[in-house]
Asker: 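Pasting a structure here, questions to come.
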There are 2 protein chains.
Amino acid sequence: MNMAKNIITQLRVQRKQYNTTEQKLIDYIIHNVSQAQEATTQEMSDGSGVSTATISRFVKKIGFDSFRDFSVDLARISVQKSPVEFFGEIVDTDDTVAIAQKVFRGAENALAATVNNLTIDQLEQATQCLISARRVGFFGIGGSSIVAFNAYHKFLLTPIDVIAHPDYDVQLMQAVRLDHTDVAVVISHSGRNKDTLLIAQKLSENHVKIIAITSFPDSPLAKLADLVLLSLAEEVNFRSESMSSLIAQITIIDTLFTLVGSQLSEDTQSVVDTMRDTIEETRAQ
Amino acid sequence: MNMAKNIITQLRVQRKQYNTTEQKLIDYIIHNVSQAQEATTQEMSDGSGVSTATISRFVKKIGFDSFRDFSVDLARISVQKSPVEFFGEIVDTDDTVAIAQKVFRGAENALAATVNNLTIDQLEQATQCLISARRVGFFGIGGSSIVAFNAYHKFLLTPIDVIAHPDYDVQLMQAVRLDHTDVAVVISHSGRNKDTLLIAQKLSENHVKIIAITSFPDSPLAKLADLVLLSLAEEVNFRSESMSSLIAQITIIDTLFTLVGSQLSEDTQSVVDTMRDTIEETRAQ
DNA sequence: TTATTATATGAAAATAATTTACAGTTTGCA
DNA sequence: TGCAAACTGTAAATTATTTTCATATAATAA
């Protein structure tokens with residue numbers, strides 16, 4: 001039974017129990033919480049008109065070991081900053097900061113929304129698919145080709161047989177050559193890029209299992225897929241939305257890679273170690 | 001540019017930026033948060049083995065006005081369940097959700113730490129460089145080639161003349177062909193990949209302005225560069241760290257692209273519109 | 001009312017905490 | 001290797017907190 005009430009509330013309620021000087025101090029504290037949180041005894045003395053000596057004695061009277069203790073307790077109280085204060089920082093900063101903030105904030109939001117939306121089931125199914133596949137192909141056109149290539153690069157570290165290529169023509173040919181023992185990870189922000197859809201079509205015809213990574217659950221790509229992993233991003237404009245969703249897509253890939261890696265841990269570990277050695281070699285000493 | 005993150009998270013993520021003594025202090029703080037919240041410099045010194053003087057200097061270095069300020073900020077953090085558990089290294093017993101959470105959380109932290117570390121000045125300098133360059137080359141080997149390629153892809157939407165290629169040999173030749181009127185954006189997580197360094201060396205010899213995107217401010221690449229944009233990531237293990245820092249790197253590129261775009265707004269808008277039309281055409285109806 | 005006593009307060013001294021100056025040491029670089 | 005720059009701890013200086021002490025105030029009893 002922890003009655004650990006916020007010290008401000010306690011002071012307000014017990015205010016009458018204290019004498020004039022102490023009430024002066026209490027009044028100062030409860031009306032200037034955020035200042036009081038950072039104040040020294042001297043500052044509090046100046047603010048309240050009560051001597052530092054009395055302040056020191058008072059905090060002990062109300063149960064703290066020292067003024068420092070009282071300070072720490074006071075600091076724990078989160079004071080709602082007034083909107084002026086809160087937005088003030090952003091408003092008076094220039095364009096550069098605002099833009100940088102927006103881009104980063106967008107990416108962070110996309111990540112939060114995406115992880116929030118993913119289910120255990122989806123991830124486990126996807127992992128299982130990838131592990132049991134004969135070969136895994138990564139497909140993506142335009143901006144999404146980066147995600148596909150990143151996936152390819154990461155999964156090279158696992159024992160899984162992986163396929164990817166930047167060019168559309170090659171991707172299409174690779175798609176045609178896969179069969180029902182294989183898995184394809186198809187990435188498209190909109191889920192309606194004509195080239196990507198043609199690839200997905202071919203994959204579907206060959207009964208290749210399709211894992212789609214897209215931002216639109218109702219898109220044609222999502223409908224063709226066996227499993228859809230949604231990358232979400234705030235809807236601001238197409239450009240900034242697709243930038244943020246790219247971050248989310250890459251992080252989905254990272255997650256799948258990590259999951260696959262943890263499943264195949266022994267096998268993978270040796271592969272990773274070998275690769276790491278190779279990487280180390282290419283570094284300056 | 002303060003994203004007002006929890007100071008413990010910030011310290012954990014930025015840990016590597018600091019030297020041995022400072023890391024000793026950071027380790028003490030993040031492993032003894034509740035003690036640290038109430039500690040004086042002397043207690044912290046006893047606990048961490050770092051002198052009170054260094055502690056005082058450190059808190060100023062990370063942006064507080066005084067140790068008292070730092071204390072107050074620390075006190076605001078409600079100590080959650082073992083943070084180690086939440087952020088720790090990926091172990092075999094982790095279940096699917098925990099792994100996904102960790103990967104996403106790692107990316108989010110990397111973004112927060114990175115934006116927190118960037119200065120207006122760096123971004124404005126970089127933007128100015130890119131805008132006034134005759135040509136801009138993007139260079140990256142291995143995992144970083146994805147970032148370079150992503151940059152290339154985005155900047156194709158601007159009127160800026162851009163260069164990038166996945167192959168090392170081609171990158172090296174491109175590097176040699178650039179001159180002092182050009183700008184190179186060189187990306188490397190470690191900043192010490194031999195191939196990347198050779199490229200940077202050639203660029204430097206040709207007096208090409210180098211903007212480095214790396215996670216290590218003391219790396220050879222950072223030292224060769226005219227401007228360093230730091231991508232920060234939590235130190236968990238090499239793999240997960242480089243995954244998260246890749247996200248940060250891409251977001252840095254996104255920011256630069258957006259900044260450049262906003263500077264060249266009229267010009268760019270027309271290019272973007274043209275490109276968008278082209279993109280629309282390749283979509284299904 | 002007045003003397004006595006208990007309590008409260010602030011100035012200033014004493015103690016404790018923090019910051020700075022300084023000097024020895026290490027580190028990086030030519 | 002030798003020089004310059006950066007780092008770190010000791011100790012001094014500064015600043016903050018607590019205690020002492022002198023004084024003021026209020027309560028009570030004669």
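In what follows, every chain begins at residue 1, and chains take the letters A, B, ... in the order their sequences are listed.
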Asker: Below 3.5 Å between N/O atoms, which protein atoms pair up with nucleotides 3-7 of chain D? Just atom names and distances, please.
Answerer:
none

Asker: Can you tell me how far C1' of C/dG10 sits from CE of A/Met44, to the nearest Å?
Answerer: 18 Å

Asker: Distance alone, cut at 3.5 Å: any donor-acceptor contact between the side chains of B/Asp27 and B/Gln23?
Answerer: no

Asker: Do the side chains of B/Arg134 and B/Asp179 get close enough for a salt bridge, i.e. N-O under 4.0 angstrom?
Answerer: yes

Asker: Is the shortest side-chain heavy-atom distance between B/Ile55 and B/Tyr28 below 4.5 Å?
Answerer: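 In short, these two side chains do not touch, never coming nearer than 4.5 Å.
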
Asker: Side-chain donor-acceptor pair under 3.5 Å between B/Ser245 and B/His189, yes or no?
Answerer: yes

Asker: Starting at atom CG of B/Leu25, determine the distance to atom P of D/dT8, rounded to an integer number of angstrom.
Answerer: 11 Å

Asker: Tell me the interatomic distance from A/Tyr18, atom OH, to C/dT7, atom P, rounded to whole angstroms.
Answerer: 17 Å

Asker: Let me have a per-nucleotide readout for nucleotides 12-30 of chain C, 5' to 3', with B, S or -, counting only protein heavy atoms under 4.0 Å.
Answerer: ------SBBB-------S-

Asker: Without swapping roles, check the side chain of A/Gln42 against the backbone of A/Thr52 for a donor-acceptor pair under 3.5 Å.
Answerer: no

Asker: Test your reading of the model: is there a side-chain donor-acceptor pair from A/Thr251 to the backbone of A/Ile247, 3.5 Å cut-off?
Answerer: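 Indeed, once roles are kept as given, a pair shorter than 3.5 Å links the two residues.
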
Asker: Just how far is it from atom CD1 of B/Ile141 to atom NZ of B/Lys194, taken to the nearest 0.5 Å?
Answerer: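 Taking CD1 in B/Ile141 and NZ in B/Lys194, the distance rounds to 12.5 Å.
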
Asker: Is the side chain of B/Gln128 donor-acceptor paired with the backbone N or O of B/Gln125 at a distance under 3.5 Å, no angle test?
Answerer: no

